[in-house]
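Read the structure below first, then the notes.
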2 protein chains.
Amino acid sequence: MRVTPENRRGYAKGRARRTEILDQAMALFGEAGYRGASLRTIATRCGISHPGLLHHFPTKEALLLAVLQRRDDVDDEWLALGVTRGVDHLRRLTDLAELNAKRRGIVELFSVVAAEATSPDHPAHAYFETRYRTSVANTERAYLQARDDGALRPGTDPATAAQQLIALMDGLQIQWLISDCTTDMAEVLRAHIRAQLTVEL
Amino acid sequence: MRVTPENRRGYAKGRARRTEILDQAMALFGEAGYRGASLRTIATRCGISHPGLLHHFPTKEALLLAVLQRRDDVDDEWLALGVTRGVDHLRRLTDLAELNAKRRGIVELFSVVAAEATSPDHPAHAYFETRYRTSVANTERAYLQARDDGALRPGTDPATAAQQLIALMDGLQIQWLISDCTTDMAEVLRAHIRAQLTVEL
DNA sequence: CCTACCGATCGGTAGG
DNA sequence: CCTACCGATCGGTAGG
């Protein structure tokens with residue numbers, strides 16, 4: 001197919017529409033959960049009909065997975081996985097908590113859908129299973145590197161510390177959401193990590 | 001009304017039915033969340049029709065609140081609130097995690113519904129708001145008592161430690177559920193608390 | 001991208 | 001406790 005100005009406009013429009021759908025879907029999945037969100041509501045917020053939405057994403061399930069995948073891509077890039085290491089990586093995680101405190105929608109999305117997805121038949125079950133495994137593994141690697149750098153307090157087990165840190169982040173998000181954002185997630189996280197280190201965070 | 005054998009049997013039967021409904025509702029709310037659970041499914045599992053269920057609990061919302069309240073009553077009694085104090089109370093919380101590892105349904109119920117209830121319009125929103133506040137307050141009191149007993153490591157702030165411990169318990173439950181019960185919740189909790197104490201846990 | 005529709009399911013009520 | 005029903009809403013499809 002020849003690339004004419006019309007074609008380019010058409011593709012750009014389609015991409016913009018897809019992005020708008022993903023944004024609105026993220027917000028509603030966060031507010032109402034996957035089960036509680038309806039395609040009609042998402043579509044209306046985008047100014048289209050719900051069969052119009054299904055033209056871009058064939059099923060509700062595909063839409064959810066696209067939303068989750070996009071958020072992960074953005075956050076993984078922001079975390080600079082593979083670049084930062086050791087204590088730097090741990091600090092980066094507290095920075096992420098600080099950033100998340102300005103993005104209620106994203107925090108809602110992951111908190112609510114992760115809880116839903118503990119059911120084995122939930123469409124995002126496998127996604128979150130993998131996500132937790134890799135999150136804990138990445139964090140354990142950071143603790144191991146911190147130990148190699150002599151920054152880890154003796155008696156701190158990297159594997160246990162990794163499970164703790166990921167659990168703490170998730171639990172704090174729930175508290176932050178239910179307490180109407182009065183919990184200082186980043187500061188509570190930093191206090192936890194500081195107690196594990198022999199160096200400044 | 002005179003207490004005849006017939007009355008007693010009638011009341012006992014009603015109580016037994018109510019208990020069965022609460023048990024089945026707890027299980028399904030945990031599996032599917034509040035929004036995802038239907039009164040018809042709960043009723044069928046009890047061997048009655050869904051209008052039959054609504055004879056015992058007037059609305060779905062009332063049923064949810066009754067389920068949550070009953071679990072809290074049982075757990076508060078088990079925790080022996082007001083009896084155990086200081087380090088004993090912290091140990092009691094790790095014992096609760098150990099007990100919960102044998103009660104997947106209850107863990108699911110609180111994890112899934114708490115996440116749902118972060119929405120301000122969720123029927124259990126106020127319930128969880130209060131629940132978190134009192135849980136954190138009770139835990140902070142235990143840390144303060146531990147400090148008075150000279151059992152708390154210097155530099156550990158009781159208010160922060162309380163937020164951490166509650167968040168850790170909630171986050172570990174999610175990990176435990178999604179990892180198909182391979183996470184050792186109680187042991188990870190104990191490692192966290194030990195690092196804060198100058199005495200044995 | 002639309003309108004119009006499908007069958008299924010929801011919480012709750014009427015009336016017994 | 002039941003049957004029978006209400007209006008609303010759901011995800012998805014037909015057909016254009």
Side-chain angles (χ1 to χ4, degrees), chain A residues 6-26 28-29 31-68 112-113 116-117 119 121-124, chain B residues 6-26 28-29 31-68 112-113 116-117 119 121-124:
Chain A
E6 288 75 28
N7 279 346
R8 269 205 300 275
R9 200 168 62 236
Y11 286 153
K13 211 169 142 186
R15 265 199 309 276
R17 182 66 85 189
R18 263 184 72 97
T19 302
E20 191 185 359
I21 292 172
L22 289 171
D23 285 338
Q24 299 290 352
M26 184 193 75
L28 193 65
F29 284 145
E31 289 167 36
Y34 173 71
R35 285 185 254 249
S38 82
L39 296 180
R40 280 168 172 83
T41 304
I42 297 168
T44 300
R45 291 189 185 183
C46 298
I48 60 176
S49 67
H50 89 275
L53 189 157
L54 288 167
H55 168 74
H56 296 276
F57 300 93
T59 64
K60 189 184 183 183
E61 190 173 327
L63 176 59
L64 174 67
L65 294 177
V67 166
L68 294 172
V112 174
V113 181
E116 270 187 326
S119 289
D121 61 325
H122 191 283
Chain B
E6 288 75 27
N7 280 343
R8 270 204 299 275
R9 200 168 62 234
Y11 287 153
K13 210 170 143 186
R15 265 198 309 277
R17 183 65 85 188
R18 263 184 70 99
T19 301
E20 191 186 359
I21 292 172
L22 288 172
D23 285 338
Q24 300 290 353
M26 184 193 73
L28 193 65
F29 284 145
E31 289 168 35
Y34 173 70
R35 285 185 254 247
S38 83
L39 296 178
R40 281 169 172 83
T41 304
I42 297 168
T44 300
R45 291 190 185 183
C46 298
I48 60 176
S49 66
H50 89 276
L53 187 157
L54 288 167
H55 168 75
H56 295 277
F57 300 93
T59 63
K60 189 183 184 184
E61 189 173 326
L63 176 59
L64 173 66
L65 294 177
V67 167
L68 293 172
V112 174
V113 181
E116 271 188 325
S119 290
D121 62 325
H122 191 283

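By convention in this document, chain letters (A, B, ...) are assigned in the order of the sequence lines, proteins followed by strands, and residues within each chain are numbered from 1. No hydrogens, no waters, no symmetry mates; every other heavy atom, side chains included, goes into these values.
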Indicate, with a heavy-atom threshold strictly under 4.0 Å, whether Ala62(B) touches base, sugar-phosphate, or nothing. nothing
Phosphate OP1/OP2 of dC10(D) contacted by Ser38(A) side-chain N/O (<4.0 Å): yes
What is the separation between atom CZ on Arg35(A) and atom P on dT9(C), rounded to the nearest whole Å? 15 Å
Under 4.5 Å between any side-chain heavy atoms of Glu31(A) and Leu28(A), yes or no? yes
What residue among Thr19(A), Thr41(A), Thr44(A), Ile42(A) forms side chain to side chain contact (heavy atoms under 4.5 Å, CB included) with Gln24(A)? Ile42(A)
What is the distance from NZ of Lys60(B) to P of dG12(C), rounded to the nearest Å? 8 Å
If a pair means Watson-Crick or G-U wobble with both distances below 3.5 Å, what does DNA chain C look like in dot-bracket form, with | marking bases paired to a different strand? ||||||||||||||||
Heavy-atom pair with the smallest gap, counting every atom of Cys46(A) and Ile21(A): SG-CA, 3.7 Å
All heavy atoms of Val112(B) vs all of Phe29(B), minimum pair found to be CG1-O, 4.3 Å
Whether Ser119(A) side chain and Ala32(B) backbone form a donor-acceptor pair below 3.5 Å: no
For the residue pair Glu20(A) and Arg17(A), establish whether any side-chain heavy-atom pair is separated by less than 4.5 Å. yes
Could you identify which residues of residues 42-57 of chain A place a heavy atom less than 4.0 Å from some atom of DNA chain D, listed by residue number, or say none? His50(A), Pro51(A), Leu54(A)
Could you tell me the separation between the CG atom of Leu39(B) and the C1' atom of dC2(D), rounded to a whole number of Å? 16 Å
Can you give me the closest heavy-atom contact between His122(B) and Glu116(B), atom names plus distance? NE2-OE1, 3.3 Å
Would you kindly compare Ile21(B) and Arg40(B) by the position of their nearest DNA chain D nucleotide and give the one closer to the 5′ end? Ile21(B)
Please report, to 0.1 Å, the donor-acceptor pairs under 3.5 Å made by any side chain of residues 50-65 of chain A, with sequence neighbours excluded.
{"unit_1": "Thr59(A)", "atom_1": "OG1", "unit_2": "Ala62(A)", "atom_2": "N", "d": "3.1"}
{"unit_1": "Lys60(A)", "atom_1": "NZ", "unit_2": "Tyr34(A)", "atom_2": "O", "d": "2.8"}
{"unit_1": "Lys60(A)", "atom_1": "NZ", "unit_2": "Ala37(A)", "atom_2": "O", "d": "2.7"}

